[in-house]
Structures are given as structure tokens and as C-alpha cells.
Protein chains: 2
Amino acid sequence: MRLSQYFMPTLRENPKEAEIVSHRLMLRAGMVRQASAGIYSWLPLGYRVLRRIEQIVREEQDAAGWQELLMPTIQSADLWKQSGRYDDYGKEMLRIQDRHEREMLYGPTNEELITEIFRNGAKSYRDLPKGLYHIQWKFRDEVRPRFGVMRGREFLMKDAYSFDLDYDSAKRAYQRQFVAYLRTFARLGLKAIPMEADTGPIGGDLSHEFIVLAETGESEVFCDREFLDHDVLEADFNYQDDAAVQKVVDYSTSLYARTDEKHDQARFEADVPEQRRYVGRGIEVGHIFYFGTKYSEPLGALVTTPDDQTVPIHMGSYGVGVSRLVGGIIEASHDENGIIWPESVAPFHVGLVNLRIADADCTAACDKLYGQLVEAGVEVLHDDRDESAGAKFASMDLIGLPWQLVVGPRGLKNGVVELKRRGGNGEREELSPEAAIAKLVA
Amino acid sequence: MRLSQYFMPTLRENPKEAEIVSHRLMLRAGMVRQASAGIYSWLPLGYRVLRRIEQIVREEQDAAGWQELLMPTIQSADLWKQSGRYDDYGKEMLRIQDRHEREMLYGPTNEELITEIFRNGAKSYRDLPKGLYHIQWKFRDEVRPRFGVMRGREFLMKDAYSFDLDYDSAKRAYQRQFVAYLRTFARLGLKAIPMEADTGPIGGDLSHEFIVLAETGESEVFCDREFLDHDVLEADFNYQDDAAVQKVVDYSTSLYARTDEKHDQARFEADVPEQRRYVGRGIEVGHIFYFGTKYSEPLGALVTTPDDQTVPIHMGSYGVGVSRLVGGIIEASHDENGIIWPESVAPFHVGLVNLRIADADCTAACDKLYGQLVEAGVEVLHDDRDESAGAKFASMDLIGLPWQLVVGPRGLKNGVVELKRRGGNGEREELSPEAAIAKLVA
């Protein structure tokens, strides 16, 4: 993509309405614009990142054995009355009357609807176990939306649901999602820590929040550093191998990790040697939950067992804040000059900077490099604008692509271009255009 | 995917609420379920088709030079008041009050919001021309929603917008979209005919509807058969080549094609030789429209010209009914046994039918074939259920995958399986398992 043709309206100044760094940087980099309070339009650069994240979430859900569907945004109030949540939800639920004065709502979550769908499609134990998920926009009418996409009103969520005949089977589904979450966040370049969470009236130990470490996080976090140093990404993980799943869960839940809500200082000190005690802040990016027959009973989602009993289905739900993750990744990965994207979600792999478009040789060299990168399937944003070198460097640092390939008349005379890494130690090297291409294509 | 594990709740009977064939078949094949009037959940099989269509639409928009973004579903009423459409829209617009009693709405289209976004991001002629699009759910509160996804209330639409300095440039954008539409529908396996449409008060000739031929269509269609026999899909079409674009538009608009609304029988008879006169019915699947400064003036979307004037931007909009197309394709491509998917949008490429799962050799052969197809990247739905051969054939015909690979004990004794084409002349041949794989992978 040529930046001269790209719709990426950057801002030089920090917008004063933005209180946290991800909100500031997303506005400045031209990733999003507010449409109304807590509701955002995703401009091309931001939408590329959102789709990358969505795709990684999807791949890991598919690998774990869940099937994708799509429920609508607008729901009838009827099911929510049956489950008892229509009144519970309060003003956070966006309630709507249609032209025939039927009570509708913009779904804040989908337990009721998925239960109805499954109830009508599955009748027997032979239809279980099963897992379904969707990635869809939700609406929660927050009283004071803020922090950009971190706490918006219209937000993109992946919500998965599991359907099992009994607790043991439901627990295995829960554990597969547990591992899927660890792997998903790791693939997104994040270190996400599973923390025991409240299960409400159901009890048990099957509820975890996944928290990403970031200074600006809303929760205080206490955990064992050992987990931070642990790499969860084994190649070719097999979700069908129950023992392998159990092993990952056992390890991850053996180490102390609590938010301030459930923190126990005495146990922290007893369980974790002093030099391994980590205290910081974190952002919730996922939540998984086994809730048994909470919805299947009132909504009548029943199946017949092998011995011809009729029993309610055991269910769980598993949420990831997909749009929130865009902000979460920025909170966890930026410096004073802008965003530093992990490779897996970067909107482009490399930014090609033409330092002097008025110089015919320089522009010819850039056009050639651009053509070669496009040809090789490397996603490249080519800054071919008529701007100063300083402005171009500032833009590239702001939008945070993993690599910058800088081409200027002086270097070209010596047969070299500069290849610069964004983030890490910001390593830079001068090398021939051919060597630079070889490195970026590899 | 193994059908025994897939969530595909088929129906044996025709649901009585379904008046047209696409609605009947989508319900029966377990592609969608109604959530409330005119609002559907897309089950896994249906969602695969929807995403395929969406991706083809996207690829052709990208190739034509448009950039993808995503606007939210919920909009503030303010912009609609500025454009004057808030009152015009009537009860079809789903109006919402949020918790602070602000007037909001579920977007039925996005001219106002995209104009605001562009106004704030582009100031100069150097920022033009530009094209932006998104693929997002819309809501129109139809008084009597029916025909399944063909006339739903919540529906998925691709809407693109063009931004140009003057009429001539806007016309070139329009023509690129014209070609993109022809190519998109052709890639979807459809014959879509561009028909002149009303331009409203703006006048001119820059408004076309794209109509797919189907007996159940809502419009009567009169056109020259020559267009029906013409193949619009040249490989590697270059949208940047204005002459090539012009040539396609000129040819396509030279032939008579009108819906009943604009039909002129005398001209039809004068322009089209009798044997080439086609009269039938059709479904609107796309609409493209140049509307000049209709929104840029009231909303103040202005740019400076090279000679420092300030002028309103010339705009056009280009819509494709993405979810409607799922129904439209079925209306155009089915028989008495079910759907016949074009290859490009089929949810799976091949259905593998195990005729006798109790037979160990048969099941071993099926498992081997399934593994080989998956390994080769062929999308295969493996009917490994404990059902009769008749039920399995009926399911496969109903869901309409392009190929059926049928494996039974009797054939295997002779070293053969049966490969059957869905649609066309339904050709079938017996061949060795190896030859069948070779044919499906090719």
C-alpha cells in the first residue's frame, strides 16, 4: 500500500479526551475515530489489526474443536425473561422497541440465544459433546464509557459455549478452552495469566480470568514470576489429547496468581519465594466459566441419556474481548514514540520510507523495493508522501510496524539502505537493497 | 469435518413458514434459524457460505482499489438530522434511546457517517480520489419481513463509497465499481445483469441495479440474451487501466436490459432481434449510485483545489446485499432435491459418504480417504453417521456440495468408489480410491 493513497489520518497532537496511552495512540495513528460516546469506527489501519486478532482467536477456537456460527446483534426480550436476566441486567442493556412495539435488545452476551438454538438442534446424548462460538459485536450501555476501545459500548467479543452430558465432560471442554486461551494470547504476543475468579452461586473451581500485564491495568495483580518466564507455545498442540491438556492446566494453576479481589498476602508469601513475587497491574482480556445447568434448566435444553433419562445439558461460556485486545496489546507494547506491534498482529510487516521523493534515483529504488516486497507477498506500507524525513520517521514510529526500510540518496550512493527494527533494542543496520529484501522475505 | 460431530440440524419436512425455495432449503439444510421475525442466526454450514461470499466481495473491492474499514452498527441521530434523512426514513429506521436518553439508531446505511469520517480526515485535493468500504450488519425494520434472508431485518451489506474532486473522476470510480460488481457476481457463479435505475433528483446515467435471474425474483426483467452468453471474467483484470474499464462498461450498457419499472417495449423490439429477447424474473443483489454533493454539502465535506478554491466532494455509494446473496444463489441454483452450490461458495468441496459404518473395511477405507483429503487441503464433510444410505444421499443432495464421494462394501470388493457430481448432468463414475482422490485434489 502506498501511504500517499492510504486513508490514514494521523494526528500530531495528543487528543485531550484520551486518558490512556492506547486511546491516544489509536487516535493519533488514525486507527479509530469516535462515532459517538463509546462507539468507534475502525479506519483501515486499525481494522487490519482487529481482523488479525480475530483470525488468531478463530484459528485457536477451531483447533480446540469449536464450530463457528453467527448469532444476530438484535434479540427478542422473550428468552431473557425466561432466563430471568431481563430485569437483572439493568440499564447496561440497550433496550429497543421495534415498529410493532415488540421488546427487543442489543445482545450484551448470548447464553440465552445459543441455548435456544442448541435446544432445537440437539435431542440426544449422541449430539454431545459439542462446542459452538461466534465473533460478533455486542453492546453494553456503560454509564461512562472511556479509555477508547478498552471500555467501549459497542465492542467485538468472541463468545464460545460448550454443551456436555455431565460435569466431567464439561470440565474437559473447560480445560480445552483454558489451553486455547493461553495459546491465543501467546500468539498475540501477550503474556496472559490465568487467575481464579468468582464462580457465583454455582461454586467449584471452574472460572478463570485471563489478565495481561500492563501498567495502566484496572486490577492489581500478584503472581509467581515463574509463570511469566514460561513459554506456553508448543508447536502442533493436540487438543484431543486429554493428558496434554491436563498437564498445561495443572502447571498453570499450580502457581500463585490472584488479582487484588482474591489476593491472600499470607499465602502469597508462603507459596512464592520472595525473589519470584511479582506485583503489578493487569487488564482482563478473557474470562471462562462453567455454569452447569443455569440456562439449560429454565430454557428446557434437555437431552436423553443412553438409559433413556432426560437431563439438562451442562454448559460453559468462554469470552475474549477482541476489540479490547487492540487496546490491550498497545498498553502492553509501546514506547514514548508510539506503538510497537507484535509481528502476528502488525497491520503491515514493513514500512518503506522514501527520504527524498524529489530525487529520481531514490524514488526509482523505492519503487523497485516496493515491487519486490509486494511480489514476495510481504505486506508493506510505502511512505511515498511529499513530507520531511522527520515527519516520516515520526509516522513510522507512531504506527509501530515491526520493520522500517529507510532509503535515502546518500545511502544509495554507497549502495546501501537502512533496515531498522521497531522495538527491542531498535537494532539498525546498513545493507544492500538485495540483502534487505532477503532479510524481510525470510 | 465429521458429520457425526458437526452441528447441522437438518429438517425432513418443509417448514410451513417458508414461502420460497431458498428459505425452505436454508432451514432444511440447517444453515440458518430464525431468532425473531426477520432476524436469523447463521449456523455453521450457513456461516461458511456467508463468509465465502463476503471474502469474494472483499477481494474484488480490494482489487478495484477500495480500502476496507468498519463503521459501527449504532449511530447517533445527529448526523441524520443534518443530512435531512432522519425524518425521511420513517418507521424502517430502528430508533433507539440510550440510558442518557440520547437519540441513536441502528444504521440502515452509512452515507452520513462515512461523510463525517472522510470530512475529518481529508482536507485537500491531494487526499483524493479515494474509495472506502465496509461489510457490516444493517437493520431495516421492514413492516412484514419474509422470504428468509432475502428480506430480513438484520442483514449483512457491503457498502462502498467514493470520494472525488469532480464529476469526471467520480465517473471513473463509478465505472470501476461497475466492473467490480460484474466480476464479483460472476465469481459467485451468478449471471448478474446491470440495469439502468432511477437516479432521483440528481439525474444523469450513473445508477445501476444488478439483477440475478431467478424464477422467484421480485422484478420482471427484459434483456438481450447476448449478455447472458457473455463471459465477463478475464483473468488478471487491471482496474487501473481506464480504457479496459471503459470497454467493459460500454459493452455491458450497450445491450438492452430493463426491469418492468423502466421497460420500453417498443425500444426492446426495435433494439433486440426476436430470438435474442429474454423475458424473465430477477432478484436485485446490488445497486450502485453516483449522488454528487448530496451529503458533502450539508455535512461540510470540503477540500481545497489546486487553485485554492474550497469545493464539496463528489461522492457515490455502492451496495451489495451479502446475506441476501446466500438466498439469491440458492434461488438461482437448486433442483427438487436441494441446493446446488457453485464451487466458489460451497461450504465444503466434497461430501464423503460411508454407506455402512458397521462394516470395518468400509469405515477404514472412508477414514483413509478422509485423512488424505484433509491432508491435501480439500474441504470435506464426512458423513460417518449411523444412518441409512437413503438418508445420507438425501442429506448430501439437500446441502448441495459440488462432489459426493460414495464408499460402500460392494464397490470396495471390486476396488472402486463412486464419484458423483452435484448439478449439471449429475455425472457419476466408478473409479479406484486413488483416482478419486487425484480427481478431487486436482
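These figures come from a predicted structure and were not determined experimentally. Order of the sequence lines fixes the chain letters, A, B, ..., with proteins taken first and strands second; residue numbering starts at 1 for each chain.
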Highest number of heavy-atom pairs under 4.5 Å with chain B: which of Tyr47(A), Tyr6(A), Trp137(A)? Tyr47(A)
Is the number of heavy atoms from other residues, nucleotides or ligands under 6.0 Å of Lys123(B) NZ greater than 12? yes
Among Leu45(B), Asn120(B), Leu70(B), which has the most heavy-atom pairs under 4.5 Å with chain A? Leu70(B)
Ser41(A) side, atom OG; His134(B) side, atom NE2 - distance, nearest 0.5 Å: 8.5 Å
Enter the distance from Arg144(B):CZ to Arg99(A):CZ here, rounded to the nearest 0.5 Å. 11.5 Å
For Ala35(B), is there any backbone N or O sitting under 3.5 Å from a side-chain donor or acceptor partner on Gln75(A)? no
Ser4(A) versus chain B, heavy atoms under 4.5 Å apart: side chain, backbone, both or neither? backbone
Checked Arg102(B), Met93(B), Met8(B) vs chain A; the most non-hydrogen pairs under 4.5 Å come from Arg102(B)
Using a 4.5 angstrom heavy-atom cutoff, name the option from Leu69(B), Leu132(B), Leu94(B) with the most pairs to chain A. Leu69(B)
Pick from Arg33(B), Met1(B), Met71(B), Lys130(B): which one has the most heavy-atom pairs with chain A under 4.5 Å? Lys130(B)
Evaluate whether atom CZ of Arg2(B) has more than 12 neighbouring non-hydrogen atoms of other residues, nucleotides or ligands under 6.0 angstrom away. yes
Leading residue by heavy atom contact count with chain A [cutoff under 4.5 Å; candidates Met104(B), Arg51(B), Glu142(B)]: Arg51(B)
With chain B as the partner, which of Gly121(A), Pro9(A), Pro44(A) has the greatest number of non-hydrogen pairs under 4.5 Å? Pro44(A)
Relative to chain B, which of Ile74(A), Asp386(A), Leu43(A) shows the most heavy atom pairs under 4.5 Å? Ile74(A)
Chain B contact via Val32(A) - side chain, backbone, both or neither, heavy atoms under 4.5 Å: neither
Return the option, out of Ile117(B), Leu79(B), Leu113(B), Leu128(B), with the maximum number of heavy-atom pairs under 4.5 Å with chain A. Ile117(B)
Would you say Gln5(A)'s side chain and Pro129(B)'s backbone share a donor-acceptor pair under 3.5 angstrom? no
Any donor-acceptor pair under 3.5 Å from Asp141(B) side chain to Asp98(A) backbone: no
Part of Gln97(A) lying under 4.5 Å from any heavy atom of chain B: backbone
Answer with side chain, backbone, both or neither: which region of Phe7(A) has an atom nearer than 4.5 Å to a non-hydrogen atom of chain B? both
Which value, rounded to the nearest 0.5 Å, describes the distance between Arg48(B) atom CZ and Gln67(A) atom CD? 9.5 Å
Cut-off 4.5 Å, heavy atoms of chain B, and the answer for Phe118(A) is both
Which one wins on heavy-atom pair count under 4.5 Å against chain B: Thr10(A), Thr73(A), Ile39(A)? Thr73(A)
Checking heavy atoms, do the side chain of Glu154(A), its backbone, both or neither come under 4.5 Å from chain B? side chain
Which atoms of His100(A) come close to chain B, meaning under 4.5 Å heavy atom to heavy atom: side chain ones, backbone ones, both, or neither? side chain
